[in-house]
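Predicted model, so just to flag it, every value in this text is computed and none were measured. Any value given below was found using the heavy atoms of this structure, including those in side chains, with hydrogens, waters and symmetry copies removed.
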Amino acid sequence: MATMSIAAATTCCSPSSSIPSKPSWHIKSYSRATRLALPRPAWRRSLLAASPPASRLRLHPRTSASASPATQYDYEFTDGNGEAELRLDIGKLGIESSRDVFVDVDDMSLLIRAKSDGTLRTLMNVTTLFDRVKSSETIWFIDEDQLVVNLKKVEQELKWPDIDESWKSLTSGITQLLTGISIHIVGDSTDINELVAKEIAEGIGYLPVCTSELLESATQKSIDTWAASEGADSVADAECVVLESLSSHVRTVVATLGGKQGAASRFDRWQYLHSGFTVWLSVSDAGDEASAKEEARRSVSTGSVAYAKADVVVKLGGWDPEYTRAVAQGCLVALKQLTLADKKLAGKKSLYIRLGCRGDWPNIEPPGWDPKSDAPPTNI
């Protein structure tokens with residue numbers, strides 16, 4: 001299966017974990033499927049058949065880096081009919097002709113500069129567009145007091161909430177790809193799992209669920225006390241029962257237990273975790289992006305730990321709760337690329353749930369298949 005790695009800025013930590021407390025400035029996300037290596041035409045499928053007509057949004061001014069003192073510029077953004085249109089107010093800049101405007105576009109970035117009063121100013125620098133565009137088909141022109149930039153989207157049916165891949169855009173746009181399928185956050189730290197799960201849930205409007213809270217409420221004792229008195233296996237078995245109950249739910253972000261007492265750390269306890277998109281939050285010892293990418297690839301390919309069954313791996317360079325949103329954003333970026341790479345994945349998850357989460361992921365068997373049967377598989 002193809003693989004891919006993406007990068008987002010930042011990191012995080014839990015006081016009760018052994019993770020280094022000093023945060024580094026990288027998060028590496030790795031998914032089992034890659035968008036970049038696949039031919040684009042094969043991906044196209046209508047994701048927004050019932051979507052509302054395109055609307056124009058007026059955004060608040062943003063500050064962009066510039067060769068001259070930073071200036072704020074208003075813009076309007078429109079998405080519709082396979083195109084994204086940006087209108088940037090330039091009336092106060094005193095631009096005399098289109099020759100004073102410079103628009104540089106590649107597949108995933110946009111840089112707009114203009115020469116005003118002898119100074120070359122950066123009007124907008126979008127380092128990561130919401131999704132890929134056909135850079136060679138970009139059209140721009142000046143319409144009265146506005147610079148109009150028309151971008152041809154590669155994924156024409158994908159709705160862009162805004163021009164860039166920001167937290168606001170991701171939380172608004174990712175739900176069209178998840179189609180209600182839940183998200184499971186796994187990893188060695190319960191605290192990190194819970195913080196990130198709650199941040200994601202709040203952002204995308206899903207229900208946050210922490211298995212630790214459900215188990216402690218039911219038993220009236222802490223997870224640590226339970227594990228010490230009855231053993232980690234007992235806790236893992238109980239969490240698996242909770243995950244079974246949650247597997248039929250939609251639009252939830254489930255934070256699982258970390259460590260040996262968590263069901264996700266057991267190879268034979270993933271039957272119900274596969275009902276959602278699973279994200280593995282993994283602390284990395286790598287000192288740079290390339291090393292973290294290779295570390296994630298090895299983790300998945302060797303399958304040395306049960307977490308390697310996850311759909312997405314997000315590598316953290318450390319932990320501090322201050323960076324929870326940045327980690328959550330990295331998770332959404334990875335999930336967005338995963339679901340764009342395999343547009344049938346959400347539907348396959350839904351089928352797996354409807355057939356009872358029998359443990360036959362990813363090779364789903366026909367209805368009536370008995371997991372305990374010795375009959376040879378006949379995958380549908």
Colleague: Specify the closest pair of heavy atoms between Val105 and Val133, including all atoms of both residues, with the distance to one decimal.
Modeller: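 Looking at all heavy atoms of both residues, the shortest contact is CG1-CG2, 4.1 Å.
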Colleague: Which distance, rounded to the nearest 0.5 Å, do you find between the CG of Asp79 and the CG of Leu158?
Modeller: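 Reported value, rounded in 0.5 Å steps: 8.0 Å.
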Colleague: As an exercise, state the distance from CG of Asn193 to NE2 of His184, rounded to the nearest 0.5 Å.
Modeller: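 Reported value, rounded in 0.5 Å steps: 12.0 Å.
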Colleague: Does a side-chain N-to-carboxylate-O contact under 4.0 Å join Asp145 and Lys92?
Modeller: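 No.
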Colleague: Give a yes or no answer on whether the side chain of Lys309 reaches the backbone of Trp270 with a donor-acceptor pair at less than 3.5 Å.
Modeller: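 Answer holds: no.
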Colleague: Hey, what do you get for CD1 (Ile185) to OG1 (Thr190), rounding to the nearest 0.5 Å?
Modeller: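 Between Ile185 CD1 and Thr190 OG1, I get 13.0 Å after rounding to 0.5 Å.
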Colleague: Is it the case that Thr219 and Trp226 place a side-chain donor and acceptor less than 3.5 Å from each other?
Modeller: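 Looking only at side-chain atoms, Trp226 and Thr219 do not form any donor-acceptor pair under 3.5 Å.
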Colleague: Membership question, hydrophobic clusters at under 4.5 Å side-chain separation (ILVMFWY): are Phe141 and Phe77 in the same one?
Modeller: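 No, separate clusters.
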Colleague: For residues Phe277 and Leu355: do they belong to one hydrophobic cluster (side chain heavy atoms under 4.5 Å, members Ile, Leu, Val, Met, Phe, Trp, Tyr)?
Modeller: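 In one cluster: yes.
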Colleague: Would a single hydrophobic cluster contain both Ile139 and Leu111, if residues Ile, Leu, Val, Met, Phe, Trp and Tyr are joined by side-chain heavy-atom contacts under 4.5 Å?
Modeller: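 Cluster IDs for Leu111 and Ile139 differ.
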Colleague: Any donor and acceptor pair, going by atom type alone, linking the side chain of Ser116 with main-chain N or O of Leu93 inside 3.5 Å?
Modeller: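 It does hold such a pair.
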Colleague: Does the pair Ile181 and Ser350 meet the rule for a side chain to side chain contact (heavy atoms under 4.5 Å, CB included), with working shown?
Modeller: CA-CA 7 Å; Ile181 301 298; Ser350 179; 4.2 Å; yes
Colleague: Kindly determine whether Leu243 and Val254 satisfy side chain to side chain contact (heavy atoms under 4.5 Å, CB included), including the steps that lead there.
Modeller: CA-CA 9 Å; Leu243 292 171; Val254 180; 4.3 Å; yes
Colleague: Testing Lys343, Lys134, Arg132 one by one against Glu155 for a salt bridge (charged side-chain N to carboxylate O under 4.0 Å, His left out), which residue passes?
Modeller: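 For Glu155, the salt bridge (charged side-chain N to carboxylate O under 4.0 Å, His left out) test succeeds with only one of Lys343, Lys134, Arg132, which is Lys343.
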Colleague: Is the side chain of Gln271 donor-acceptor paired with the backbone N or O of Cys357 at a distance under 3.5 Å, no angle test?
Modeller: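 Judged by distance alone, yes, a pair lies under 3.5 Å.
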Colleague: Which atoms form the tightest heavy-atom contact between Leu129 and Asp107, and what is the distance?
Modeller: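 Closest pair (atom of Leu129, atom of Asp107, distance): CD1-O, 4.1 Å.
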Colleague: Any chance the side chains of Ser247 and Ser275 put a donor and an acceptor closer than 3.5 Å?
Modeller: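 Short answer, no.
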Colleague: Tell me, do Leu351 and Ile364 make a side-chain contact under 4.5 Å, heavy atoms counted?
Modeller: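 Result yes, sub-4.5 Å side-chain heavy-atom pair found.
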Colleague: When the ring planes of Trp361 and Tyr352 are compared, do they come out parallel, tilted or perpendicular, using 30° and 60° as the limits?
Modeller: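 Geometry flag for Tyr352 against Trp361: perpendicular rings.
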Colleague: Indicate whether the side chain of Ser265 and that of Lys260 have a donor and an acceptor atom separated by less than 3.5 Å.
Modeller: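 No.
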Colleague: Below 4.5 Å, heavy atoms only, C-beta onward: do Pro161 and Phe130 meet side chain to side chain?
Modeller: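 The answer is yes, as the side chains (C-beta and beyond) meet within the 4.5 Å cut-off.
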Colleague: Can you list the steps and then say if Leu123 with Arg113 is a side chain to side chain contact (heavy atoms under 4.5 Å, CB included)?
Modeller: CA-CA 5 Å; Leu123 308 186; Arg113 295 172 295 171; 5.9 Å; no
Colleague: Is it true that Trp140 and Val126 fall in one hydrophobic cluster, defined by side-chain heavy atoms closer than 4.5 Å?
Modeller: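 Same hydrophobic cluster.
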Colleague: For Tyr323, is there any backbone N or O sitting under 3.5 Å from a side-chain donor or acceptor partner on Asp320?
Modeller: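 Checking the backbone N and O of Tyr323 against the side chain of Asp320, no donor-acceptor pair under 3.5 Å is found.
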Colleague: Check this for me: does any side-chain nitrogen of one of Arg297 and Glu295 sit under 4.0 Å from a carboxylate oxygen of the other?
Modeller: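 Answer for the salt bridge query: no.
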Colleague: Of all the heavy-atom pairs spanning Ala308 and Ser299, show the shortest one and how long it is.
Modeller: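 What the structure gives for the nearest pair is CB-O, 3.3 Å.
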Colleague: Judged by atom type as modelled, is there a donor-acceptor pair below 3.5 Å linking the side chain of Lys315 to the main-chain atoms of Ala292?
Modeller: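 Looks like no, no N/O pair under 3.5 Å.
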Colleague: Output, in order, the C-alpha distance, side-chain angles, deciding distance and verdict of side chain to side chain contact (heavy atoms under 4.5 Å, CB included) for Tyr307 and Asp188.
Modeller: CA-CA 9 Å; Tyr307 298 131; Asp188 279 329; 3.2 Å; yes
Colleague: Kindly compute the distance separating CG (Asp162) from OG (Ser169), expressed to the nearest 0.5 Å.
Modeller: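 Between atom CG of Asp162 and atom OG of Ser169 there are 4.0 Å.
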Colleague: If you apply the rule salt bridge (charged side-chain N to carboxylate O under 4.0 Å, His left out), what do you find for Asp233 with Arg266, and how did you get there?
Modeller: CA-CA 10 Å; Asp233 290 346; Arg266 316 296 180 94; 2.8 Å; yes
Colleague: Does the pair Glu230/Lys221 count as a salt bridge with the N-to-O cut at 4.0 Å?
Modeller: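 Yes, Glu230 and Lys221 are salt-bridged.
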Colleague: Are the side chain of Glu83 and the backbone N or O of Gly80 linked by a donor-acceptor pair below 3.5 Å?
Modeller: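 Not a single qualifying donor-acceptor pair exists.
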Colleague: Looking only at heavy atoms, what is the nearest atom pair of Lys153 and Ala84, with distance?
Modeller: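 Smallest interatomic distance, heavy atoms only, reads CG-N, 4.2 Å.
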Colleague: Around atom CG of Asp117, are there more than 12 heavy atoms from other residues, nucleotides or ligands closer than 6.0 Å?
Modeller: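 Not buried by this count: 12 neighbours or fewer within 6.0 Å.
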Colleague: Identify whether the distance between the nearest side-chain nitrogen and carboxylate oxygen of Glu213 and Lys198 falls below 4.0 Å.
Modeller: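 Result for this pair is yes, salt bridge flagged.
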Colleague: Can you see whether Thr225 engages Ser222 through a side-chain donor-acceptor pair at a distance of less than 3.5 angstrom?
Modeller: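 Their side chains do contain a donor-acceptor pair, which is all the 3.5 Å distance test asks for.
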Colleague: Assess whether a salt bridge exists between Lys336 and Glu165, defined as any Lys/Arg side-chain N lying under 4.0 Å from an Asp/Glu carboxylate O.
Modeller: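 Answer for the salt bridge query: yes.
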Colleague: Answer yes or no: is there a donor N or O on one side and an acceptor on the other, between the side chain of Glu137 and the main chain of Leu151, under 3.5 Å?
Modeller: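 Looks like no, no N/O pair under 3.5 Å.
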Colleague: Side chains of Asp106 and Ser135: do they bring a donor and an acceptor to under 3.5 Å?
Modeller: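 No, Ser135 and Asp106 have no side-chain donor paired with an acceptor closer than 3.5 Å.
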Colleague: Quick one: closest heavy-atom pair of Asn150 and Lys152, and the distance?
Modeller: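 Distance-wise, the nearest heavy atoms are OD1-CE, 3.9 Å.
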Colleague: Inspect the contact between Asp342 and Lys348 and indicate whether a charged nitrogen and a carboxylate oxygen are less than 4.0 angstrom apart.
Modeller: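 No.
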Colleague: Do Val149 and Thr138 have side-chain heavy atoms sitting under 4.5 Å apart?
Modeller: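 Side-chain contact under 4.5 Å: yes.
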Colleague: How many angstroms lie between atom OG of Ser189 and atom CG of Leu316, to the nearest 0.5 angstrom?
Modeller: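 Going from the OG atom of Ser189 to the CG atom of Leu316 covers 9.5 Å.
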Colleague: For the atom pair CG (Leu214) and CD (Glu216), what is the distance rounded to the nearest 0.5 Å?
Modeller: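 Leu214 CG to Glu216 CD: 10.0 Å, rounded to 0.5 Å.
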Colleague: Step by step, would you call Asp143 with Arg87 a salt bridge (charged side-chain N to carboxylate O under 4.0 Å, His left out)?
Modeller: CA-CA 9 Å; Asp143 180 15; Arg87 286 179 171 266; 3.1 Å; yes
Colleague: Any side-chain to backbone donor/acceptor pair from Ser97 onto Arg99? Under 3.5 Å, distance only.
Modeller: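 Yes, the answer is positive, given that a donor and an acceptor are paired below the 3.5 Å cut-off.
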Colleague: Just checking, is any N or O donor in the side chain of Glu194 or Ser212 under 3.5 Å from an acceptor N or O on the other one?
Modeller: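 A donor-acceptor contact under 3.5 Å links the two side chains.
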Colleague: Given the rule that I, L, V, M, F, W and Y join up when any side-chain heavy atoms are under 4.5 Å apart, are Ile112 and Val148 in one cluster?
Modeller: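 Per the 4.5 Å side-chain linkage, Ile112 and Val148 are not co-clustered.
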Colleague: Salt bridge or not between Asp100 and Arg121? Use side-chain N to carboxylate O under 4.0 Å.
Modeller: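 No, Asp100 and Arg121 are not salt-bridged.
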Colleague: Return the minimal non-hydrogen interatomic distance between Ala310 and Trp280, and the atom names on each side.
Modeller: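 Reported closest heavy-atom pair: CB-CB, 3.8 Å.
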Colleague: So, do Leu147 and Val101 sit near enough that their side-chain heavy atoms are less than 4.5 Å apart?
Modeller: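 Of all side-chain heavy-atom pairs linking Val101 with Leu147, at least one is under 4.5 Å.
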